[in-house]
Amino acid sequence: PKEKGWITQYLYLYQQFWYRPTLIQPTITFQKHFQAKHDDIVIASLPKAGTTWLKALAFATMKRHHFIPSQNDHPLLHSNPHTIVPYFETNIGDNPSVIPDLSTLPEPRMFGTHLPFPSLSNSIHNSNCKIIYICRNPFDTFISYWHFSNNIVPSPLPTLTLEEAFERYSEGIHPFGPFWSHVLGYWKASKDTPNKVLFLKYEDLKADINFELKRMAQFLDCPFSEGEESGGVIDSIIELCSFKKMKELEINKNGKALDGVENKYYFRKGETGDWVNYFSPWMTEKLSKIIKEKLSECSLSF
Ligand code: A3P
């Protein structure tokens, strides 16, 4: 089935989630042909949940012995995180029916994805590769996505009003939605297989990035040593990946990521709670009710 979705585009229901039409073929190709390696790292999320930040943090942490986080030649100072950690479904090739040779990428290979957990390739499910999921409160995720979609729509295409977009979001009709199924899929996987899936929250990262970064490094089997901690390595990674630092980089002010989206649109406010500036009381009530109902089986609260 298809539904009139975001940005005046139809979205298609595929394996119980909504997709932009151009993403279906690459997704099927990825599902059929992607060969995971045991040490691959997958950064998974819904759009606007904090993917850019998490890609940067995971890359800087994993590759810190190769690329010193405090040095001027660090790749994150010269490339956007989406270029460094490409998405399976949009970035890894020009031909949507073919996966390019990824076997020679430096290990551990790192990829991003917005695909829901059950739709990842079998080879990911069956290998020892690790998945880090970032979840963000649906209020802020929605507002962030609304701004992002308005920015990337080629004018003069009309965009949806906030209320129209909200109605669809509340029905779960948005790219990779419904959000509750997406979140629950990864949340359950993180409970069933805690060594394979780490579930993070944007809000927790904002509240205590030092703690969450150490947790992530531990999960990735590359914990920070005491020497690294006292020597300022953790602080350098946090600084390198901070919103303020990344937003001000030339590459993120004027560059484009692999999918042609201007990098600047990945950095808006970088705050928690901006939704209060947009939601009317009926919207707040409606979304709170949905979250309560749909996410009642897990201990997530926002
Ligand atoms: P806002 O629109 O609320 O500002 P994604 O990376 O998944 O596309 O999510 C984008 C959201 O994360 C945007 O939220 C963006 O500003 C915020 N963001 C991007 N980089 C960040 C960083 N380094 N630290 C914190 N938030 C960041």
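For ligands, and for the atoms within them, numbers begin at 1 and follow the listed sequence. Here, residue 1 is the first one in the sequence, and each next residue gets the next number. For the numbers below, each heavy atom of this structure counts, side chains included, while hydrogens, waters and symmetry mates do not. Being a predicted model, the structure only gives us computed values, none of them experimental.
- Ligand 1 has no nitrogen or oxygen under 3.5 angstrom from a nitrogen or oxygen of E271.
- Around atom NZ of K269, more than 12 heavy atoms belonging to other residues, nucleotides or ligands sit under 6.0 Å away.
- Atom 8 (O) of ligand 1 has as its closest protein heavy atom K48 NZ, 2.6 Å.
- If you check each of Y202, W53, F148 against atom 17 (C) of ligand 1, the one with the closest non-hydrogen atom is Y202.
- With a 6.0 Å cutoff to the six-membered ring centre and a 45° limit on the axis angle, K48 does not count as a cation-pi contact of Y202.
- For atom 6 (O) of ligand 1, the nearest protein heavy atom (residue, atom name, distance) is T52 OG1, 2.4 Å.
- Residue contacts with ligand 1 do not include H147, since none of its heavy atoms lies under 4.0 Å from the ligand.
- At a 4.0 Å heavy-atom cut-off, ligand 1 touches C241 through the backbone alone.
- No more than 12 heavy atoms of other residues, nucleotides or ligands lie within 6.0 Å of CD in Q16, so this atom counts as exposed by the packing criterion.
- Here's the thing with L46: none of its N/O atoms is less than 3.5 angstrom from an N/O atom of ligand 1.
- Residue G270 approaches ligand 1 through these ligand atoms, each under 4.0 Å from one of its heavy atoms: 1 (P), 4 (O), 16 (O), 26 (N).
- Near A49, with a cut-off below 4.0 Å to any heavy atom, the atoms of ligand 1 are 7 (O), 9 (O).
- Judged by distance alone, the side chains of T27 and Q31 never bring a donor and an acceptor atom under 3.5 Å apart.
- Looking at E262 and K264, a side-chain N of the basic residue comes within less than 4.0 Å of a carboxylate O on the acidic one, giving a salt bridge.
- For atom 27 (C) of ligand 1, the closest heavy atom belonging to the protein is F243 CD1, 3.6 Å.
- In terms of protein heavy-atom proximity, atom 14 (O) of ligand 1 is closest to R136 NH1, 3.2 Å.
- For T29 (side chain) and P96 (main-chain N/O), a donor-acceptor pair under 3.5 Å exists by modelled atom type.
- Nearest protein heavy-atom neighbour of atom 16 (O) of ligand 1: R268 N, 2.9 Å.
- Between T51 and ligand 1, at least one N/O pair is under 3.5 Å apart.
- Ion pairing of E212 with R215 is present here, as a side-chain N (NZ or NE/NH1/NH2) and a carboxylate O approach within less than 4.0 Å.
- At a 4.0 Å heavy-atom cut-off, ligand 1 touches S144 through backbone and side chain alike.
- Of the options Y265, Y145, Y266, F142, the smallest heavy-atom separation from atom 10 (C) of ligand 1 is shown by Y266.
- Side chain of S123 to main chain of A36: a donor-acceptor pair is present (N/O by atom type, distance under 3.5 Å, no hydrogens or angles).
- Under the ring pair (Phe, Tyr, Trp, His ring centres under 6.0 Å) test applied with F142, the options F166, Y278, F148 reduce to a single match, F166.
- The aromatic rings of Y133 and Y186 sit parallel, their planes meeting at an angle under 30°, below the 60° perpendicular limit.
- Only the backbone of S242 comes within 4.0 Å of ligand 1, counting heavy atoms alone; no side-chain atom from C-beta on gets that close.
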Derivation of the side-chain contact (heavy atoms from CB on, under 4.5 Å) call for I209 and L57: CA-CA 10 Å; I209 181 65; L57 289 167; 3.8 Å; yes

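- Per-residue contacts place F267 under 4.0 angstrom from the following atoms of ligand 1 (heavy atoms of the residue considered): 16 (O), 19 (C), 20 (N).
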